[in-house]
Structure formats: structure tokens, C-alpha cells
Amino acid sequence: MIEVSGLVVEFGSLRALKGIDFRVGERDIFGFIGPNGAGKTTTIRVISTLLHPTEGSVRVGGRCVVNEPEEVRRIIGFMPDSYGLYDDISVFEYLDFFAKAFGILLPKRKRVVDDVMALTDLGGLRDRQVSTLSRGMRQRLCMAKTLVHDPPVLVLDEPASGLDPRARIEFRELLKELRSMGKTILISSHILTELADFCTSVGIIESGSMVAWGGIDEVMKRLKPAKIVRILIQGRPAEAQEAMKGLGFVDRFEAFEGHMDVFLRPDCADVPALVKALVMAGVPVSGVAERGASLEDLFIAITEGKVC
Amino acid sequence: MLTERIETALDRFINPILQREIRGTFRGIRFLLVLVLFLLVLGTAVLVAAGAVIQRRALVNPAEIGGTIHAVFFSALSLSLLFILPAFAATSLVSEKEKDTSDLLRITSLSEGAIVRGKFLASMAYAIVFLAAALPLGSVSFLFGGVTVSNLAASYLTLLLLAAAVSMSSIFVSSQMKRSRNALSSSMVFSIGFLTIPISILSVDDFRDLAAEVLRILGLDAVFGERMLAASPGLAGTIWWLCIVIAPAYLFAAIMLFSYLSAVNKLKPWSGNRSTSIRIFYAAFLPLGAAIALSVLAEIRYSIAYYRIAEYVIIVYGAIWLFMLLSTYFSTEDPEWNLAPRQDLWNRGMPRLLSALGPGSMRGFRFALSVNLAALCLLLPIANRCMSPIANLPAFHASFREGVSLPLVFLSATVMALVFLFSSAGLLVSLASRIDMARKAALSAVVISVLFVPLASFGLSHSFKEIESSSPADLGFMSPIVAVGSVGSGYWESLKADSMTGGEPAPKAVFPYEMEVFGSRVPVFGGFIAFSAAAGSACIAAYFMFRRRTIRG
């Protein structure tokens, strides 16, 4: 549904995107992840026809974003990271405005706006002035605006940033519902736990280059993130850290109250040797458990936190 | 049911931006307060100013009283519109950027043109409400007579056209700026231009007939045209059509189209050079503008002094050149970049020297160069053709015999060269910096050039010794700096003497061929050059200082 190939964007001498490629299939939920300044928003702005690429091509639903922007805009719903809202009108008027801007005429428009408000749970706020809404409600309103012309492709740029946990869970539920409605969704975020639950594929971008992309399992398999072992210890953390420093297969570790997460290199992970080294150093080990690598672990493992 | 049907039928034709702006603006208490305040101020101004004029002139004729009320009403309403409308229109597009709604609008099915048109219509709706609310006040003059319905209609048509020009130019400014405050202040400058430029032109003695005709059409002669109408028969024939219909229509269309196209271009994603529509605008409007301006000059060449022809031709040249520079700059500048456009040219393999010449991009560079060269090639023969009949004037022959024409040619060339140099220097300096700084530098250069053109040309005209006396009315508002600088050297006294002689040039009015600068007498023309050079140098120095500070920061 979205095809990006050889995408280069330059701002003067700054090369913001250095030839990235990825594809988002129909009904996929594509998690677009990367540190701040990696090029996520630039990519999204090109896909949304707001910025022209310097080189490369981007197609949405088979339409070129440069040559056929009107057609692309009809099939795409874009939600920016800052929810742009008009404070001086009501919720209904806001949605009515965007529905009209997408060419939906009366009397159909009233029905469409009512449906979208019901979907995003805004029905009770119909006549509320936008300026009086909370951040969570504003986010829902912006989402409703994105859906008002029933686009098959949704491009969401950091949609859940700044939301409280309840609003975030509600938003996740809404995304699941949209997926069940057959929407293709590209969602960017740097809060990886948000994406891990429901993304079918991911793309990891850093410094304007695509580090990896594909199905989550496929990417995990290909990149082999570190093996993580959680070791429960009864005190003496300093000795434990000292003991691990000498082990070549330990990539890094994180110490917590009562336990440590140890990241082992995937090619030469030796858990018995690790336990042995700790015991020999006099660390009272009370338990060892292997933990599966998360999207976050993968992200940390393959990115270096560089920006363009 | 009926209202629903009407609503559905109208829905197709109403611009959504207009609808939203009306919903958001007109229901607010702020709009009501501004409207009430506007009517209070307008009513008070008309009452006080008209009362003062009537009392001072001891008018008893009802027609004169009616005419006075109408003239004061029209002036006060024009002034109000010039300052109220920018406050609304100048923030229209820039506020979308500030509220982060700009991208949301651009991603809808609305074209960039529809967005700009919606904003323009909203501003016009605002203006129409104000004009309609003021109409009862304006109709007070009918109680006394002296004003015809056609006068009022012509005044309102003028006000509507003024509102349209102010709205569109403010929207253009709004599209170029990133902060409401900057957009507002810049729009006010444009508005002041809309006020001062026509007054400046009409106050020049050579256009006395035109001024009289305009005042007569608008019904403003009771206050402003009393003396002028007595001295002038107005216009007739070809020159009437040229000055009253064609030239204003051209200027209005040029302002509207340039502002509209530039604002639309600014909303589009940048792709190297977004100026196709501006090219068409150039191709259609620049030669037409030059032809109209030079036709007007050709028509009036026998009624104005030969030495002033050069002045006007230089002004026409200068204006067109500056307009081209501004248009080129605005139409090729990249809104997404934070870095110097020059850097981009380097990146694309342009030699360092050439890359310093062009705005924006390779395509922008080629475009700017070709348009400017083509325009110069086109304009010079037209101007020469226009100037050729002047060569047959006895005065020209006389001046030639006295050896004046050589300095005339020499000085004209010098002035033109300096104008081009200033404009180009501004553009070159601007290209060496970041976009935000570039705009400031380019605009500074333009301001200096705009000051320089009338100053230098005026100096050129008046440096000839044939001029025995020079009426202060000749000066008009064309050379404000000279006017200010001359106050201390007796010029003000001559102005007063002139007003006491009832508009006739004061006999042997003393025009300061020399100005006093720090205690020493400096020739006026030399003063112009020195002033412009100093202002230009100061501007460029300030710019570099600021630039260094910005880079350090």
C-alpha cells in the first residue's frame, strides 16, 4: 500500500534521508521507530505529500506523491504529532469543516461526522468548544478528523505522545478496531512498548538510513538481538558487576534492586559460565531466568542514538 | 425543511475556509467589540473633523456642508480599513502555522488556491460588515446635499477595491512570515504604502489634473479639491481612460495576482522552483505595466518639464526592476530550508562565483537571470522609443545647446546603475545567509533602493541651474528625506509662503540646492548619494554584525 524506494531528502547541505526503502502491505500496521531526529517525520511528510523528495519515489496505493498528490490525499489520513485544532469552534464544527474540505457535501456530511464521532467516542462532546477539551479528548478529535473521509491508509506521527496511561490504552484499542476495519496504518513512535503489541511489521530508522524493516519476527530473527538473562541476587551488587566485566560474552548489564538484567552476545552466550563466575566471586545467586528480547531491546541493540 | 434544502444547495458553493472563519470570528465577543469601537471612533472622527472644517471655513451652504461630511467620512473610513483589515488578514495564514493546522489544511482535498481564496473571502466578509455598518453614518451627508448617489457608490467601490488589495497583500505577507507579530507589522507597512503612494503621486504638481479628476469622481472636492479644481479642468480623452481606468485596473490586478500567486506558491511543497505561475505573470504583466506607464508619460510629456521626464522614466524603471527582484526572490525561495540557498548551488556543482548570483536553486538562478535580462532588453527599447519624442521638444534642444543633455544622460545612467547595484547587492548579500536573515537583508536593500530612486532622480532634476524657482508642491511626498532635511534650511518657510499664496508657486521660493549637514553646506545631489551610500553601508554592516552574532549563538 505504501512503497518507498531510494528516498533522499536534502535540506541544503543537510541530508536528512539517505536513500531509504520500505514497503507497507495492505492491512499492515507498520511501526516506524527511531530516535528523535532520525528522519521519521521527514519520511512521513513526504508520504503525506507535504514535502517533495530530492530523489527516489514514494507511492501510496499505487499513486505517486509528487505527480498525483490530490489522489494520494484522498486515500491517506494524516495525523501530525501536534494536534492542530481550531479553538474557537465546536467539536462538530471542527469535523464538519474537515469533512467539507475533503469534498463531502451535505446531507451526507452530517451522517459521516456523526459516525466518526461515535467511532472515536466523541458523541457526548458534539457541542463542546474545542478550547475546553483535555489533551486526551483533543487527540481523539484529531484522530476523528483523520478518519472523516474514510481513508484506507492512516499515517500517524507520534499519535500517543503526552497522553496519560488510560488515554494511551484507549488509543491502542481504537487502533485495533481500525485494523479490524481493514485500514493500513503507518505509525511512528519512539515509545516502543506502544507498538510491540499490535504492529505486524516494523521499520527502524537512524541518522536518515533504514537500519532494518520487515515483519517483527523476521527482523528479530535476522538481527539476533542480545540474549537477556535476569539474575536474582541477595546483595553484593558491586562484586557481581566486577565479576561480569571480565566476561567477553557479556555485552552490557543493568542493575536493579535485587536483580540484574544481563545482555549476552547472541553468538556466544554462555549462561552457565556467567552463573559460575558470579558464584566464584561470592555473589549469592538465588535465581536465573532467561527473558525474551523485546522491540525495545532490538532497537537499543541496533541503533547508536545518532541523529543526522 | 426549506432551510435545510437551501443549506444543502448552497453548500457546494461556499468555500469551507470562509465558512470556518465566519464561524470562528463573527460569533466571538472580540469582533463585536471591535465593530462597536470602530463605529464610535468613526462617528466621533466625522463629527469632530467635519465640524471643525465647517466652523473654520464658516460654511453655510448645505451642499458644502454635505460635501465636507462625505469627504471626512470617506477619509476616516479609508484610514480605518487600512489599519483594521491587516490586523485580521495578516494573521490568517501565519496563525495556521502557529496553531499547527497548516499541514492539516494542506493534506485535505482543498487546493492551495482554494485555501488562499477562502482566507481572502473571509477578510472581505469582515470588510463588508464594517463598510455596511458605516453606511448609515455616511448617508448623513445626504441630509445636506452636495453629494450624489454616484459619488457615494464610487467611494464605496473604491473602498471595496482598497479592502481587496489590502486583504490580499496582507494574506501574501501572512504566507511569507512565521510569526503573527511580524506579519502584522509588515502588513501595516504595506497599508501605509497603499495610503501614501497614491497621495504622493497625486500631490505632485504634474498630476494636478489627475488629482482633480479623482477628487471629483469620489465627491471629495469640497474639502481637498477646492483650489485644485479651480486651477484644473480635469482629464479627458485617452489620458482619462489611461489614468482613471486602465492604470488603476492594472495596478489592482497586478497587486491581487502577484499576492495571490505568491501566497499559493508558498503553500505548495517546495521542489526546486515553484514559480511557473509567476513566470506567466511576468510574461503578461511586466511588459503591459511598462507599456501603460510609458504611455501615460508619452501622453503627458508636453505638460511636464523635460527635466522631469527622466525622473519619471527612472522611477518606472526602478519600480519594475525592484518588483522583479522581489518577485524572483519570493517565488524561488525555499520555505523548508534552514541553510543558505547558495550552499545548495555549491552542492549541485555550481562554481563558487556563479553560485553567489542566483536565488534558491539552479532552476531559480537560470530563471532569474533570463527574466531579468529579457526584461531589460525589452524595457530599454520601449523607454528609448518613448523618450524619442522628447528630443524634438524645443526645451530639450535648448538644453542640448547649453550642454545639459550630456550630464542628463550621464546622471541617468549613474542613477540606474546605482539602483541596480543596490538591489543586486541586497540580493547577493541575502544569498550568503540563512533564509530568515536573507529576507531581512533583501528587504533592507529594497527599502534603501526605494528611498534612493526618488531621492536621486529628484536631485538629478533639480541639479540643473535652469530652474529658477521650484514650487514646494513639486516636491510633494516624493522625496520625504529631502523634505525633512530641508526644514532647517528655510524650506519650511517657503512652504508656508506657498500656502499663503493660494497654491500658486511662491515667487522665487527658495529650494535648498545645498543642505546643511553638520554645519557645512553640502550640494543636495551629493547629499542624496552620501545618504544612500551611508544608509546602504550601515545596513550591510548591521547585517553582517547580526549574522556573526547569530552564527556564534
Side-chain angles (χ1 to χ4, degrees), chain A residues 9-16 41-42 44-46 48-54 65-66 69-74 76-90 93-94 96-110 129-130 142 145-146 148-149 151 155 157, chain B residues 4-5 7-17 19-28 30 95-112 114-115 118 267-272 274 334-348 361 434-435:
Chain A
V9 174
E10 291 174 356
F11 299 110
S13 63
L14 179 73
R15 209 170 163 87
T41 299
T42 304
I44 282 176
R45 284 176 70 79
V46 175
S48 308
T49 73
L50 292 169
L51 185 65
H52 280 184
T54 310
V65 295
V66 176
E70 290 84 11
E71 283 76 11
V72 171
R73 285 171 196 169
R74 253 179 237 127
I76 206 169
F78 169 60
M79 181 174 173
D81 53 350
S82 54
Y83 323 130
L85 298 173
Y86 298 108
D87 283 342
D88 48 8
I89 52 178
S90 71
E93 287 166 347
Y94 179 81
D96 182 66
F97 164 64
F98 277 104
K100 184 165 183 180
F102 277 109
I104 305 168
L105 296 174
L106 288 173
K108 186 187 169 192
R109 196 165 70 235
K110 283 184 179 167
Q129 190 150 338
V130 172
C142 194
K145 184 247 22 136
T146 308
V148 84
H149 58 299
V155 178
D157 190 8
Chain B
E4 222 168 76
R5 277 188 185 174
E7 192 186 356
T8 308
L10 287 177
D11 190 49
R12 188 179 298 273
F13 304 104
I14 297 176
N15 185 304
I17 304 272
Q19 194 175 19
R20 198 210 71 74
E21 293 281 343
I22 287 175
R23 277 175 171 166
T25 307
F26 282 59
R27 71 163 62 128
R30 199 171 59 181
S95 69
E96 300 281 356
K97 292 176 209 164
E98 287 175 332
K99 285 189 288 193
D100 292 320
T101 48
S102 178
D103 284 349
L104 297 185
L105 280 184
R106 288 167 61 197
I107 194 75
T108 63
S109 300
L110 290 173
S111 65
E112 290 84 4
I115 295 172
L267 289 177
K268 287 180 181 169
W270 187 80
S271 58
R274 302 164 296 150
D334 172 13
E336 307 284 353
W337 287 4
N338 294 315
L339 297 173
R342 193 178 64 173
Q343 185 70 45
D344 178 58
L345 296 177
W346 287 348
N347 293 345
R348 287 163 200 256
S361 64
R434 292 182 354 197
I435 289 292

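Each chain gets a letter, A, B and so on, in the order its sequence line appears, and its residues count up from 1.
- Side-chain polar atoms of B:Glu96 and A:Tyr86 form a donor-acceptor pair below 3.5 angstrom.
- Annotation for B:Leu104 and A:Pro80: closest pair CD2-CD, 3.4 Å, computed over non-hydrogen atoms.
- The greatest number of non-hydrogen atom pairs below 4.5 Å with chain A, out of B:Thr101, B:Ile17, B:Asp100, is found for B:Thr101.
- When the candidates A:Cys142, A:Pro69, A:Pro53, A:Ala101 are compared by the number of heavy-atom contacts under 4.5 Å with chain B, A:Ala101 comes out ahead.
- In this structure, chain B has a heavy atom under 4.5 Å from the side chain of A:Asp96, while its backbone stays farther away.
- When B:Ile107, B:Asn15, B:Ile14 are compared by the number of non-hydrogen pairs under 4.5 Å with chain A, B:Ile107 comes out ahead.
- A pairwise comparison of heavy atoms in A:His149 and A:Ile104 identifies CA-CD1, 4.0 Å as the closest pair.
- With sequence neighbours excluded, the residues satisfying side chain to side chain donor-acceptor pair (under 3.5 Å) with A:Lys100 are B:Asp11, B:Gln19.
- Only the side chain of A:Ile76 comes within contact range of chain B, with heavy atoms under 4.5 Å apart.
- B:Ile115 does not touch chain A: none of its heavy atoms, backbone or side chain, sits under 4.5 Å away.
- With sequence neighbours left out, B:Ser95 forms a side chain to side chain donor-acceptor pair (under 3.5 Å) with no residue at all.
- A:Ser48 places no side-chain N or O within donor-acceptor distance of the main-chain N or O of A:Leu50, the cut-off being under 3.5 Å.
- Using a 4.5 Å cut-off between heavy atoms, A:Lys108 makes no contact with chain B at all.
- Both the backbone and the side chain of A:Glu93 have a heavy atom closer than 4.5 Å to some heavy atom of chain B.
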